[in-house]
Amino acid sequence: MQDFSAKDWADRAASLTIEGRAFIDGAYVNALSGNTRPTLNPASGEVLAAVASCGPEDADKAIASAKAVFEAGTWANQAPSERKKVLVRWAELIEAHAEELALLECLDVGKPISDTLNVDVPAAARTLRWSGEAIDKVYDQVAPTPHDTLALVTRLPLGVVAAIVPWNFPFSTTAWKIAPAIATGNSVILKPASNTPLTAIKLAGLAKQAGLPDGVLQVLPGPGGSLGSHLAKHMDVEGLTFTGSTPVGKMLMEYSGQSNLKRTYLELGGKSPNIVFADANLDKAAAMAATAVFYNGGQTCTAGTRLLVQASIHDAFVAKVIEHAKSWRPGNPLDPATSMGPMVDEAQYNTVAEYVRIGCDEGAHLAYGGKRVAVTEGGFYHEPTIFTGANNQMRIAQEEIFGPVMTVIPFETEAEAIAIANDSIFGLAGAVWSKDINVAHRVAKAVRVGTMGINNYFGGDMTVPFGGFKQSGNGRDKSMHAFDDYTELKTTWIEFD
Ligand SMILES: NC(=O)c1ccc[n+]([C@@H]2O[C@H](COP(=O)([O-])OP(=O)(O)OC[C@H]3O[C@@H](n4cnc5c(N)ncnc54)[C@H](O)[C@@H]3O)[C@@H](O)[C@H]2O)c1
């Protein structure tokens, strides 16, 4: 399938059978209300499937099932080595269904097929396998107490966990949430974004095939406002794990406080600084500066949307970045040569177009792009766009646009670069480019973000935690640290007579 043409993929898309029902208590079912919502192909506007639109009554049913299976210990009390086997089998099933999953994600999100096939689907399989492989290597602790006592510090699953995920990386963010949550013994109710539910729905059936007991993973497609908030306020949901926007993350914290103080972990937005010093490898830095923003059409939480360039190289460096931007021409997502697809929907396209207008009104210079591109009929494609002559106070430097828009800001000194980088409500990611390792380390340490690259962008694998500082969130996905978000620590203090 690596050498399929756009036509091959289109033929396969035409013969796909798409499941749009919810997955509750081990079976695909319609919403109790019978309501559905169409999910659209962003490249064409065509309806892909009528998807169950679940409401609070479906959530109550799923939560009851999740709670029952958790309390019965059917999954939570299985030996970690047994849970591992299921997660590894599940990863293998994802690999066996890679073509179908990659196609579903491509059609539902508008992501290029080369990305869904080579990045998103393998990442999800890797995440499930890694969490499964890790879970039977986790030891609890014996505390250093006085000699006539013994204190055990053990980890216990939370219970029912609601996972609410966004539309920009639906499959991989789903895996980042559910793999550690399920590996540690929780029962998970997953709510995909209402416009991109298809791979999550498919994943639930594969979980059952892998041997996951009914009720341990349930998928409820439906609207954030009614269904998502009901999950977040529910008294029987003990954990809430979320990837999405900062405004919704703030609401979820409030819902937690209004209900049962459920553990609430948030992976939120960003406005990440990508800092280039004059002595950097400028060819590599320029290529990655473009990738850092235009990958996935800029619909990436860690996108390096603020490009901070040392003034002495500003003009020459921007010229190089513009050359690389030209290779990010939007194209048909089903074409394996395409690197950038459409915006996920019309609303997202309009947001991007509005910020381009705002940037021009604020006095920034539109150095490249800025317009709509016609690729496939009905798709909302936006050119890679670069603003220069900007300062960090502008809205295009402070607000998350979530589109292919780069804001270039010049700086003179190391201290100024750090100050600009940190002048943001966000703290998700960033990078610094310099051949002087002292400068690079000092800057990397001083910038308040969860992940910082030195001479790279988008670095990191399953072995490292991922999450934000400041208003970019609080939890950590990936690595063994993710297990912390889905477990409580329990102390058992024993005294000897
Ligand atoms: N930090 C990360 O790891 C990361 C990764 C990907 C995306 N993101 C962020 O996600 C955002 C884009 O995704 P989005 O537009 O889908 O985000 P969003 O916040 O609008 O929606 C995310 C999810 O929350 C649900 N939701 C909406 N309102 C809700 C409510 N009141 N109660 C409960 N649930 C509700 C939505 O239905 C969706 O499933 C960006 O801000 C991006 O930076 C962050």
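None of the values given here were measured: they were computed from a predicted structure. Each residue takes its place number in the sequence, starting with 1. In listed order, ligands and their atoms are each counted from 1.
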TODO: Determine, stepwise, if the pair Leu128 / Ile94 fulfils side chain to side chain contact (heavy atoms under 4.5 Å, CB included).
DONE: CA-CA 9 Å; Leu128 285 164; Ile94 290 174; 3.2 Å; yes
TODO: Applying side-chain hydrogen bond (donor to acceptor under 3.5 Å, both in side chains), run through Tyr368 and Thr388 and close with a yes or a no.
DONE: CA-CA 9 Å; Tyr368 184 73; Thr388 56; over 6 Å; no
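Taking atom 33 (C) of ligand 1 as the reference point, the nearest protein heavy-atom neighbour is Gly228 C, 3.3 Å. The protein non-hydrogen atom at the shortest distance from atom 4 (C) of ligand 1 is Cys301 SG, 3.0 Å. The protein heavy atom nearest to atom 27 (C) of ligand 1 is Gly224 CA, 3.7 Å. For atom 13 (O) of ligand 1, the closest non-hydrogen atom of the protein is Pro166 CB, 3.3 Å. With respect to atom 12 (C) of ligand 1, the closest heavy atom belonging to the protein is Phe402 CE2, 3.5 Å. Summary of contacts: the protein heavy atom closest to atom 25 (C) of ligand 1 is Ile164 CG2, 3.6 Å. Scanning the protein heavy atoms around atom 36 (C) of ligand 1, the nearest turns out to be Lys191 NZ, 3.8 Å. In this structure, the protein non-hydrogen atom closest to atom 19 (O) of ligand 1 is Ser245 OG, 2.6 Å.
Taking only nitrogen or oxygen atoms, main chain and side chain alike, Trp176 does not reach within less than 3.5 Å of ligand 1. Ligand 1 has no N or O atom lying under 3.5 Å from any N or O atom of Asp477, backbone or side chain. Considering backbone and side-chain N/O atoms, Met251 never comes within less than 3.5 Å of an N/O atom of ligand 1. The shortest N/O to N/O separation between Phe169 and ligand 1 does not fall below 3.5 Å. Polar contact with ligand 1: absent for Ser194 (N/O pair, distance under 3.5 Å).
Each of the following atoms of ligand 1 lies closer than 4.0 Å to a heavy atom of Leu252: 32 (N), 33 (C). Heavy-atom proximity to Asn168, at under 4.0 Å, picks out these atoms of ligand 1: 6 (C), 7 (C). Counting the atoms of ligand 1 from 1 in the order shown, those under 4.0 Å from a heavy atom of Thr243 are 2 (C), 3 (O), 4 (C), 5 (C), 6 (C), 7 (C), 8 (N), 22 (C), 44 (C). In the vicinity of Pro192, heavy-atom distances shorter than 4.0 Å reach the ligand 1 atoms 39 (O). Of all atoms in ligand 1, listed by their number and element, those nearer than 4.0 Å to a heavy atom of Phe466 are 2 (C), 3 (O). With ligand atoms numbered from 1 in the order given, ligand 1 contributes 31 (N), 32 (N) to contacts under 4.0 Å with heavy atoms of Tyr255. Heavy-atom proximity to Phe242, at under 4.0 Å, picks out these atoms of ligand 1: 19 (O), 22 (C), 23 (C), 24 (O). Each of the following atoms of ligand 1 lies closer than 4.0 Å to a heavy atom of Trp167: 13 (O), 14 (P), 15 (O), 16 (O).
Within the 4.0 angstrom cut-off, atom 21 (O) of ligand 1 has no protein heavy-atom neighbours.
For Trp176 and Phe169, the ring centers sit 6.0 Å or farther from each other.
Within the set Gly244, Ser472, Ala347, Gly269, the minimum heavy-atom distance to atom 9 (C) of ligand 1 is found for Gly244. The nearest non-hydrogen atom to atom 39 (O) of ligand 1, considering only Val165, Leu266, Asn195, Leu190, comes from Val165.
Contact between Ala390 and Thr407 at its shortest, heavy atoms only, is CB-CG2, 3.4 Å. The two residues Thr451 and Pro465 come nearest to each other via the heavy atoms OG1-O, 4.3 Å. Of all non-hydrogen atoms in Leu268 and Cys301, the two that sit nearest each other are O-CB, 4.0 Å.
Considering only heavy atoms from C-beta on, Ile275 comes within 4.5 Å of Val447 through its side chain.
Between Arg129 and Glu133, none of the side-chain N atoms (NZ, or NE/NH1/NH2) sits under 4.0 Å from a carboxylate O, so this pair counts as no salt bridge. Salt bridge Arg155/Asp484: present, at least one basic N to carboxylate O contact under 4.0 Å.
Classified by interplanar angle (parallel below 30°, tilted 30° to 60°, perpendicular above 60°), the ring pair Phe294/Trp328 is tilted. In this structure, Phe23 and Tyr28 have perpendicular ring planes: the angle between them is above 60°, well past the 30° mark. Using cut-offs of 30° and 60° on the angle between ring planes, the pair Phe402 and Trp167 is perpendicular.
Assignment of Pro247 to the shell around ligand 1 is not supported, since no heavy atom sits closer than 4.0 Å.
If you look at Leu268 next to ligand 1, the close heavy atoms, those under 4.0 Å, all belong to the backbone. At a heavy-atom distance under 4.0 Å, only side-chain atoms of Glu400, from C-beta outward, approach ligand 1.
At a cut-off of 3.5 Å, with distance as the only test, no side-chain donor of Glu362 or Asn391 sits close to an acceptor on the other residue.
With a 6.0 Å radius and a threshold of 12 heavy atoms from other residues, nucleotides or ligands, Lys208 has its NZ atom above the threshold. Residue Gln258 qualifies as enclosed at atom CD: its count of foreign heavy atoms under 6.0 Å is above 12.
In summary, of the residues considered (Thr39, Thr196, Thr116), a side chain to side chain donor-acceptor pair (under 3.5 Å) with Asp108 occurs for Thr39 alone.
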